[in-house]
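Here is the structure we will look at.
Here is the naming used below: chain letters follow the sequence lines, and residue numbers restart at 1 for every chain.
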Amino acid sequence: MPPEADAGISAGYGPIAMLLVMMAVSVWLGTQAQKAVERGGFMKGYFLGNRGLGAWALALTATVQSGGTFMGFPSLVYTHGWIVALWIASYMVVPITGFAVLGKRFAQLSRRTGAITVPDLFDARYGDQRVGIVASLAILAFMTFLMIAQFKAGALVMKLTWPEGLSLGESFLATTDPGGVDGRYLVGLAVFAITVVGYTLIGGFLASVWTDLFQSVLMLIGVVLLFMLVVPFASQNGMHTPTLEAVAATDNAYAFGPGYSPSGLAFLPLGVAISFFFIWPVGGIGSPAGMVRLMACNSTDTLRRSIVLLSFYNVLIYIPLIVICICGRALMPDVQTSDEIIPRLAIWAAPDFAGGSLVSGLILAAPFGAVMATVSTFLVVIASGVVRDVYQRFLRPNAGETEIRRLTHVVMVVLGVIGVVSNISPVEFLQKLVVFSASATASTFVAPALVLAYWRRATAVGSMAGMIGGAAAVLTLFTCGPLVEGKNLFDPYQLFGVDPVVWGLAASAVLCVVVSLVTSPPPEEHVSRLFDAVPPTSGAEGVPA
Amino acid sequence: MTRPQEDILVRRGRREAAIAVGLWLVAMIYTIGYCYFNGYDREADSLSFVLWFPDWVFWGVIAPWGLCLLFSLVFAFRIMGDEPLGEEVDAYPDDESGLPGEVSDAP
């Protein structure tokens, strides 16, 4: 039997050794990716992997797993109870909506236009650079925001795995008062940032995809191991005992809707439950990082197989995590920082047998890997936005490959520095930031992406109106939460009890359609090139970006 | 002059997107409806478990999730078709682009 569950944690050297191994493998994958990139041109290779993604790479890297999956989501289960199963339930349809709604058309359109980035695609679809600018600005704003939030989670895992005997000086590493600086956290932050920026910088998009794939497999192994270690400690006969113990530690609402909430506010009332059935599926569809990967897939067969792979993967990740965290509440009823529940369970559960420390390290590699993968993905998308969509498009259209390559590297390093500096005082509300960013990007891009792909009558102005209107609706409601209702930052105003994403989507869709209909239709010849069958004799004459 | 026929990938893409959105709507209505009417504001002594899960979680979330898993198999292998994605326009002729690298799934 392990020690007292809610006692302090002592990691030993196993976890830190596993994390170092994982970082080394990630850097090695970065170098391998660099070799693959060098087989083609820099732009298409570095930012799009030469459009060669297969089913495993696409399925396990293209949707919305992030640091939130292993830090924020478990924290919510630990805090609010079984109702979080309903909060995450829409993941049951995410594999189909994520690949079947836009997958084929984005893959086809990006080939017909030669587009490499999402703003490229919007630009080429309408033949209007203004759409590309609006898309670029939205991507840079929302994704930079979300990327910064992820650094905290990476640093937190490093801090928790720090061995007791390993010191860089007591005064530096000692945890001080809540307003002070935690040395272990800062070292973790620096190591995390250098590693993830390093391998992404070396290999670009492919480094991001391959390490993401590697880390996704590690996540699965970590969850399965943690499930096998934790659940038997909590109960020999299912979830009845741990649920009742957790109810005893909280109250009745821990087992039912709308969920237990220490603040007394309902966690998941009906309107919010409906909203989350929008947020995750449309967040997957509307994520620019996901769209880029659809553009990079190598065939429609890959899309079909990705649906199946991701369906099984989601079942094996999310349902066990719910069970694990309910057991965690029964075993450790008083964890103050609930974001740490998975790392704490991992370190606590496996100390008593040979190699137990390494096993807990393997489990801890899951949240660390999820965060690295997310940051790496965002680094590539944001860097491509700055370099391709801003610098090359508007400032230096004739910039050569060497100049573009250097600038890309500089942008990535700057983003890493911003991530570190912004997290010296750690950002709060990781999961809320994830939800905010998913809501904002979905509201900005889903409706414009749908009309881009399937509606011949859509216009550039209509698409821009949809993007701006969707983003404005979400930002307004998130601003009104603290201002009008005195809520915490990133707690939105829920108009009629419904989350901002629903209003943002509605505003965006209405504006896309109405503004398109009242503006001049796009030239039929241009639309025909993107929607109609290519005559066999005419080759692949496309629409230049 | 007649308009060229719309690409088959566009037509099938629309149909498959509509099916995906339909599945999402059905799943949302069932899951939220079941959980709301059977899992909200109950007393602890009314709690029963089905295969490890509270009854309302099992029938409201786990069971439909399993059905969606089965449907994804049918959708991927029976409903969704394969079409060629077409030749690529090279938007970067000065980029010395060679043949696409063999980069399918792993290094």
Side-chain angles (χ1 to χ4, degrees), chain A residues 29 32 36 39-44 49-52 54 56-57 82 85-86 89 92-93 95-97 100-101 104-105 107-108 111-114 206 210 238-240 247 252 255-258 270 273-274 277 281 299-301 304 307-308 311 315 401 454 528 531-534 540 542 544-545, chain B residues 3-10 13-14 16-17 20-21 23-24 27-28 31-32 35-36 39-44 47 49 52-54 57 60-62 64-65 68-69 72-73 75-77 80 82-83 85-92 95-107:
Chain A
L29 286 169
Q32 297 304 302
R39 289 202 290 265
F42 175 75
M43 278 299 229
K44 201 166 64 180
N50 291 320
R51 300 193 202 278
W56 282 92
W82 279 107
L86 179 58
M92 68 177 75
V93 297
I96 289 182
T97 55
V101 172
K104 280 184 178 178
R105 273 295 275 163
Q108 184 197 42
R111 282 166 172 79
R112 283 198 179 186
T113 59
L206 275 185
W210 285 346
M239 294 303 293
H240 192 251
V247 165
N252 194 44
F256 302 108
L270 181 62
I274 293 170
F277 239 91
S299 68
T300 55
D301 177 58
R304 292 191 297 106
I307 289 172
V308 176
S311 296
V315 165
E401 181 181 316
Y454 295 116
S528 178
F531 278 75
D532 295 332
V534 177
Chain B
R3 197 168 82 181
Q5 190 178 32
E6 200 166 54
D7 196 314
I8 189 168
L9 184 146
V10 180
R14 271 197 203 102
E16 289 157 7
V21 171
L23 173 72
W24 166 68
M28 179 168 69
T31 295
I32 292 178
C35 290
Y36 184 71
Y40 274 57
D41 299 322
R42 278 170 54 179
E43 291 301 318
L47 187 62
F49 284 78
W52 279 42
F53 297 94
V57 173
V61 177
I62 306 300
W65 202 320
C68 281
L69 182 67
S72 74
L73 293 170
F75 184 83
F77 295 123
M80 197 170 170
D82 275 331
E83 299 87 25
L85 293 173
E87 296 295 320
E88 177 168 5
V89 170
D90 189 0
Y92 299 90
D95 197 27
E96 299 177 359
S97 296
L99 293 171
E102 297 297 325
V103 291
S104 56
D105 270 340

Quiz prompt | Winner by heavy-atom pair count (cut-off under 4.5 Å) against chain B, out of A:P258, A:S528, A:S299 | solution = A:P258
Exercise. Name the region of B:V57, side chain, backbone, both or neither, that has any atom closer than 4.5 Å to a heavy atom of chain A.
Key: side chain
Quiz item: Is a side-chain N or O of B:D7 found less than 3.5 angstrom from the main chain of A:V534, in a donor-acceptor match?
Solution: no
Quiz item: When you measure from the side chain of B:W24 to the backbone N and O of A:F277, does any donor-acceptor pair fall under 3.5 Å?
Solution: yes
Quiz item: Quick one: what part of A:P281 sits under 4.5 Å from any heavy atom of chain B, side chain, backbone, both or neither?
Solution: side chain
Quiz prompt | Most contacts with chain B, counted as non-hydrogen pairs under 4.5 angstrom, among A:D532, A:V93, A:I96 | solution = A:D532
Self-check item: Residue part contacting chain A, namely of B:I8, when any heavy atom lies under 4.5 Å
Solution: neither
Quiz item: Hey, is the main chain of A:F256 close enough, under 3.5 Å, to the side chain of B:R42 for a donor-acceptor pair?
Solution: no
Quiz item: What option among A:L86, A:I307, A:V247 has the most heavy-atom pairs under 4.5 Å with chain B?
Solution: A:L86
Quiz prompt | Lys/Arg-Asp/Glu bridge criterion (N-O < 4.0 Å) met for B:D82, A:K104 | solution = no
Quiz item: Can you say whether A:D301 sits under 4.5 Å from chain B via the side chain, the backbone, both, or neither, judging by heavy atoms?
Solution: both
Practice problem: Not counting sequence neighbours, which residues clear side-chain hydrogen bond (donor to acceptor under 3.5 Å, both in side chains) with A:T97? List them please. | Solution: none
Self-check item: Under 4.5 Å from a heavy atom of chain A, the part of B:Q5 involved
Solution: backbone
Self-check item: Minimum heavy-atom distance between A:Y454 and B:V10, given as atom pair plus value
Solution: CE2-O, 4.0 Å
Quiz prompt | Contact summary for B:I32 and A:A273, nearest pair of heavy atoms | solution = CD1-O, 3.6 Å
Quiz item: If you measure from CD on A:Q108 to CG on B:L85, what distance do you get to the nearest 0.5 Å?
Solution: 7.0 Å
Quiz item: If you measure from CG on A:N252 to CG on B:D41, what distance do you get to the nearest 0.5 Å?
Solution: 9.0 Å
Quiz prompt | Euclidean distance, A:T300 OG1 relative to B:L9 CG, rounded to 0.5 Å | solution = 7.0 Å
Exercise. Taking all non-hydrogen atoms of both residues into account, name the closest pair between B:L47 and A:A255 and its distance.
Key: CD2-CB, 4.0 Å
Quiz item: Say you draw a straight line from CE of A:M92 to OG1 of B:T31; how long is it, rounded to the nearest 0.5 Å?
Solution: 3.5 Å
Self-check item: Listed partners of B:S72 passing side-chain hydrogen bond (donor to acceptor under 3.5 Å, both in side chains), at least two apart
Solution: A:S311
Quiz item: Does atom OH of B:Y40 have more than 12 heavy-atom neighbours, drawn from other residues, nucleotides or ligands, at distances under 6.0 Å?
Solution: yes
Self-check item: Side-chain touch B:F53/A:M239, heavy atoms, less than 4.5 angstrom
Solution: no
Quiz item: Got a second to check how far B:F75's CZ is from A:R304's CZ, nearest 0.5 Å?
Solution: 10.5 Å
